[in-house]
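Here is the structure we will look at.
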Amino acid sequence: MDTKVCVVPVNTKMFTSVSLYCNCVFFRYLNIEDNLMSEVSQPSDDKIDLFELFETLWRGKWKIIVTTLIATLVGVAFTNVKANLYKVSTPIENGKPSVFIKSIPLNKLLENKALNSYVITAPSIFNMLIDEFNDYEIMENVVSKNEFVRQSIEDLNEGDKRKAVIKYAKSFKIIPPSKNEKNWMLSFKWHDNKEGSRLLSEALILTLIKVKTMLINNLDELATSVEINIQRELESLQQEISFISLESKEYNRKRILNLVEQSAIAKELGLELNNLDTNALAQTSSSGFLLNISSNEVPLYLRGFKALDKEISIIKSRSEEEQLLVASGYLVTKENIRRLKGDFSAFYIRNSIKLIETFNPNDFVQFDLRLADIKSPLKEKILYVGLSILVGGVLGALYVLISNSYRQRKAVLSGPQ
């Protein structure tokens, strides 16, 4: 008996990344004695069937919904546990230069005295504010009086209260500018943005008042220091005058003693008048060499006892002041004393304190919390919940696709039954 057989080539490919169904078509062999049945599969192409993918996701929709719901509940729980804080920030800048115009004369005086660290400018005041604010002493004092803070720490011991207050105080910051920015920023996190703004404003005002007080105290201490230094220098110069006076008296006594001795010699030799020929002090020897003889090397008695006695009389008749005038170094020292006595820098510095007292510390820096950027906790909650829904949906879809792909692979590997 002749037999006709239809043969179909088989080409099976597995895709584990997506779910693909293998369509099996059964063909019967015609006129086969044993009526055997064979299973052959259609060749698949290398494309993802979007309709089939959607169909798979639709069949697993309840799994996706449950996963999304669980993730959403987790997100909601997290936002409820997490503190609901407003995030507020606004720029803070140096005060206007016009605020410090009145301090220009004082600044010039301080610069001339090489006291640049005491110069009052907008940047120097701003740096003082930053240093004092970052000390957190004032901010701690402000938040410790807040009713919300007092209620939140009332059950803690003293040590934990202190730590909690510091933590609350550090919620308020002055942040330096980043690489792409030029302004410092006032920033805080608080459960009530209006209350937080009030606390920050209060702390800043108190800090600026402290900065003003520090300026006044620094200038007062500086004036006192200048006065003390001037007084010390004057005392030193007066001591130097005393030394010059003592040296002058000793020199005059020595000079008079020498003149008396030389006068006695002149009287003994009968030399009444000057017998010195100054032209003869420089003579040319027979060998042609010039002989220079200093007048200091010539005995004084050659001047005659009459001149020597007159010089003795003049020296003895000089007053103490006249003796000092001819003393070496006296005039220079006296000039330095006059200069110090005419130094009124301490007086000017103290006068400037009255000027600083008229400054309004609120003008030392520029900021406006009414124009602050406020990030509401509600927006943050919505963001967290939205992310939870998205993550839950993605995880649910991945679970459906992977589980479906696993079942298909298992079915193919087990083969036809």
Side-chain angles (χ1 to χ4, degrees), residues 92-138 174-177 182-184 204-245 247 324-325 327-367:
I92 180 170
E93 302 175 354
N94 296 342
K96 296 179 180 179
S98 58
V99 175
F100 306 97
I101 288 179
K102 295 180 181 179
S103 63
I104 290 177
L106 172 64
N107 290 341
K108 289 183 177 179
L109 171 64
L110 295 173
E111 288 171 356
N112 291 335
K113 290 286 183 180
L115 298 170
N116 294 24
S117 59
Y118 291 91
V119 171
I120 301 173
T121 61
S124 67
I125 296 296
F126 188 82
N127 290 335
M128 290 179 68
L129 170 69
I130 298 299
D131 292 340
E132 288 304 311
F133 187 88
N134 288 340
D135 186 45
Y136 285 109
E137 180 181 352
I138 292 177
I174 300 181
I175 304 173
K182 64 177 182 178
N183 290 329
W184 288 69
L204 283 172
I205 291 171
L206 291 174
T207 305
L208 289 169
I209 292 173
K210 184 177 180 180
V211 167
K212 178 181 175 180
T213 303
M214 288 174 60
L215 280 177
I216 293 172
N217 292 339
N218 289 345
L219 289 176
D220 184 62
E221 291 174 3
L222 177 61
T224 302
S225 176
V226 170
E227 288 173 344
I228 292 173
N229 288 336
I230 290 175
Q231 187 60 35
R232 286 176 179 172
E233 288 188 45
L234 283 173
E235 290 174 359
S236 176
L237 291 172
Q238 290 294 349
Q239 189 68 27
E240 190 174 341
I241 291 291
S242 298
F243 290 145
I244 292 174
S245 177
E247 288 179 355
L324 286 173
L325 284 173
S328 176
Y330 173 77
L331 293 177
V332 174
T333 306
K334 198 68 176 177
E335 177 61 29
N336 289 334
I337 291 175
R338 282 196 294 268
R339 176 180 56 81
L340 288 174
K341 287 184 175 180
D343 189 339
F344 297 102
S345 53
F347 171 78
Y348 292 138
I349 292 172
R350 290 197 189 281
N351 248 12
S352 299
I353 293 176
K354 299 177 182 178
L355 177 66
I356 302 301
E357 290 174 345
T358 64
F359 285 178
N360 184 356
N362 294 339
D363 296 332
F364 287 170
V365 292
Q366 300 180 78
F367 68 93

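Bear in mind that the values here come from a model prediction, so they are computed numbers and not experimental data. The figures here come from the full heavy-atom set of this structure, side chains too, leaving out hydrogens, waters and symmetry mates.
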Approximate separation, where rounding is to 0.5 Å, of Leu204 CG and Phe364 CZ: 13.5 Å

Contacts of type side-chain hydrogen bond (donor to acceptor under 3.5 Å, both in side chains), residue Thr121, not counting sequence neighbours: Ser124

Spacing of CD belonging to Glu240 relative to CD belonging to Glu235, to within rounding of 0.5 Å: 14.0 Å

Salt bridge (charged side-chain N to carboxylate O under 4.0 Å, His left out) against Glu132, all qualifying residues, sequence neighbours excluded: Lys210

Under the side-chain contact (heavy atoms from CB on, under 4.5 Å) test, residues paired with Gln366 that sit two or more places apart: Glu93, Lys96

Set of residues satisfying side-chain contact (heavy atoms from CB on, under 4.5 Å) with respect to Asn134, sequence neighbours excluded: Ile130

Considering all heavy atoms, the nearest Tyr118-Asn218 contact: CE2-O, 3.9 Å

Taking every non-hydrogen atom, the tightest pair across Ala122 and Gly95: CB-O, 3.4 Å

Can you give each donor-acceptor pair under 3.5 Å made by side-chain atoms of residues 100-107, sequence neighbours left out, with the distance rounded to 0.1 Å?
from	atom 1	to	atom 2	distance (Å)
Ser103	OG	Phe100	O	2.6
Ser103	OG	Ile120	O	3.4
Asn107	OD1	Ile120	N	2.9
Asn107	ND2	Ser103	O	3.3
Asn107	ND2	Ile120	O	2.9

Rounded distance [0.5 Å steps], OG1 in Thr333 versus CD1 in Ile337: 6.5 Å

Pair Leu208-Leu129, side chain to side chain contact (heavy atoms under 4.5 Å, CB included): steps then yes or no: CA-CA 7 Å; Leu208 289 169; Leu129 170 69; 3.8 Å; yes

Whether Phe344 and Phe347 hold their rings parallel, tilted or perpendicular, with breakpoints at 30° and 60°: perpendicular

Contacts of type salt bridge (charged side-chain N to carboxylate O under 4.0 Å, His left out), residue Glu247, not counting sequence neighbours: none

side-chain contact (heavy atoms from CB on, under 4.5 Å) partners of Glu111, counting only residues at least two apart: Asn116, Val119

Residues in salt bridge (charged side-chain N to carboxylate O under 4.0 Å, His left out) contact with Arg338, at least two apart in sequence or another chain: Glu335

Any residue meeting side-chain hydrogen bond (donor to acceptor under 3.5 Å, both in side chains) with Tyr330, in chain and number order, not counting sequence neighbours: Glu321

Student check: side-chain heavy atoms of Val365 and Ile125 closer than 4.5 Å: no

side-chain contact (heavy atoms from CB on, under 4.5 Å) partners for Val226, two or more places apart: Leu222, Ile230, Ser345, Ala346, Ile349

I'd like a table of donor-acceptor pairs (distance under 3.5 Å, sequence neighbours excluded) in which one partner is a side-chain atom from residues 350-360, with atom names and distances.
from	atom 1	to	atom 2	distance (Å)
Arg350	NE	Glu227	OE2	3.3
Arg350	NH1	Asp220	OD1	2.7
Arg350	NH2	Thr224	OG1	2.9
Arg350	NH2	Glu227	OE1	3.1
Ser352	OG	Tyr348	O	2.9
Thr358	OG1	Leu355	O	2.5
Asn360	OD1	Asn362	N	3.1

Nearest-0.5 Å distance, CG of residue Leu115 to CG of residue Leu109: 8.0 Å

Over all atoms of both residues, closest heavy-atom pair of Pro176 and Trp184: CA-CE3, 3.4 Å

Partners meeting salt bridge (charged side-chain N to carboxylate O under 4.0 Å, His left out) with Lys108 (sequence neighbours left out): none

Distance (rounded to the nearest 0.5 Å) between Lys334 NZ and Leu331 CG: 10.0 Å

CZ on Arg232 to CG on Asn229, rounded to 0.5 Å: 6.0 Å

